[in-house]
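Remember, predicted model here, so these are calculated numbers, not experimental data. Numbering starts at 1 and runs along the sequence shown.
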Amino acid sequence: MAEKWFNVGKIVNTHGIRGEVRVISKTDFAEERYVPGNTLYIFKEEADNPIKVVIDSHRVHKNFDLLTFEGMPSIQEVEQFKGALLKVDENQLSELDEGEYYFHEIIGCKMYTDQGEEIGTIREILATGANDVWVVKRKEGKDLLIPYIEEIVTEINIDEKKVIITPMEGLLD
């Protein structure tokens with residue numbers, strides 16, 4: 001089994017009677033992760049080992065990804081997965097183009113202004129459609145929401161776990 005697992009999403013419910021599961025995605029590239037024929041692993045809380053599944057179909061409905069798995073055509077077969085996590089192992093990660101990053105590479109990075117002031121640590125990424133929004137945990141006060149656009153995020157150094165931004169007026173308030 002893989003030594004390192006990466007979260008793809010959480011199965012929050014079933015959808016209909018034909019074996020679809022409703023997933024809240026936490027993956028960088030949902031359109032690539034959920035291609036029919038791809039393998040995912042289901043991690044149930046009480047289980048010792050993950051369950052290997054192959055995607056049969058994928059569609060988007062409202063804010064959810066709806067998936068079916070090969071050999072599981074009914075609600076009775078997938079109900080057991082409610083609350084479980086979907087993951088991939090590190091061998092399933094593909095090489096990215098320059099300037100592209102996986103969520104797990106960004107989460108945990110320290111964020112600084114271009115003046116060297118530490119802002120906080122990136123703790124989550126919200127995929128909003130237009131652009132991602134990085135949630136930064138500050139040392140004090142509420143979390144800060146930083147849009148991932150090149151006018152603001154000017155430098156990313158994954159090796160040093162460091163992100164530099166040029167804040168626009170009012171962004172850090």
Side-chain angles (χ1 to χ4, degrees), residues 1-109 121-137 143-150 152-153 156 158 161 163:
M1 254 317 117
E3 291 185 27
K4 210 167 187 185
W5 296 95
F6 297 97
N7 201 358
V8 172
K10 182 175 183 175
I11 299 174
V12 293
N13 211 341
T14 57
H15 185 85
I17 60 170
R18 296 197 173 144
E20 274 187 311
V21 293
R22 190 178 294 195
V23 176
I24 295 178
S25 292
K26 293 286 185 189
T27 185
D28 325 69
F29 307 103
E31 65 283 348
E32 295 174 24
R33 274 297 156 236
Y34 300 141
V35 171
N38 279 1
T39 300
L40 296 175
Y41 294 86
I42 297 175
F43 284 75
K44 291 170 44 175
E45 253 185 61
E46 66 280 355
D48 292 332
N49 295 311
I51 300 164
K52 180 180 177 180
V53 292
V54 176
I55 296 173
D56 191 41
S57 69
H58 168 245
R59 66 187 179 106
V60 176
H61 179 68
K62 298 185 180 174
N63 291 332
F64 299 99
D65 287 288
L66 301 180
L67 304 175
T68 59
F69 305 120
E70 289 181 2
M72 298 181 191
S74 73
I75 189 172
Q76 290 82 9
E77 290 150 326
V78 297
E79 270 184 319
Q80 63 176 315
F81 301 142
K82 284 184 193 176
L85 296 177
L86 289 171
K87 296 186 180 192
V88 294
D89 70 36
E90 62 185 330
N91 299 325
Q92 292 174 273
L93 300 180
S94 57
E95 287 291 319
L96 299 178
D97 293 335
E98 188 171 328
E100 290 185 336
Y101 306 94
Y102 283 111
F103 284 7
H104 72 269
E105 293 176 309
I106 299 298
I107 293 171
C109 286
T121 303
I122 301 168
R123 69 169 188 85
E124 185 179 1
I125 298 175
L126 306 173
T128 63
N131 55 268
D132 292 342
V133 175
W134 294 357
V135 181
V136 180
K137 174 130 183 76
D143 288 349
L144 187 63
L145 302 177
I146 302 292
Y148 176 52
I149 55 177
E150 59 185 49
I152 294 175
V153 179
I156 299 171
I158 296 303
K161 299 294 278 178
V163 172

Within the side chain of [X], is there an N or O that forms a donor-acceptor pair under 3.5 Å with the backbone of [Y]?
X: Asp132; Y: Pro147; value: no
X: Thr121; Y: Gly108; value: no
X: Lys161; Y: Ile107; value: yes

Residue pairs, two or more places apart or on separate chains, that pass salt bridge (charged side-chain N to carboxylate O under 4.0 Å, His left out) and touch residues 64-86: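 Non-adjacent pairs meeting salt bridge (charged side-chain N to carboxylate O under 4.0 Å, His left out): zero.
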
Sequence neighbours excluded, every pair satisfying salt bridge (charged side-chain N to carboxylate O under 4.0 Å, His left out) that has a member inside residues 6-22: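 Qualifying pairs: Glu20-Arg59.
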
For Phe103, the option from Ile122, Asn7, Ile125 that meets side chain to side chain contact (heavy atoms under 4.5 Å, CB included):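 The single option meeting the side chain to side chain contact (heavy atoms under 4.5 Å, CB included) with Phe103 is Ile125.
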
Is the number of heavy atoms from other residues, nucleotides or ligands within 6.0 Å of [atom1] ([X]) greater than 12?
X: Glu45; atom1: CD; result: no
X: Glu46; atom1: CD; result: yes
X: Lys137; atom1: NZ; result: no

Donor-acceptor pair between Ser57 and Tyr34 side chains, under 3.5 angstrom: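 Short answer, no.
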
With sequence neighbours excluded, residues passing salt bridge (charged side-chain N to carboxylate O under 4.0 Å, His left out) with Asp143: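 Listed in chain order: Arg123.
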
Aromatic ring pairing Tyr148/Trp134, orientation class (parallel under 30°, perpendicular over 60°, tilted between):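 Plane angle under 30°, so parallel.
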
Student check: side-chain heavy atoms of Pro36 and Asp56 closer than 4.5 Å: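 SC-SC contact between Pro36 and Asp56 ruled out.
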
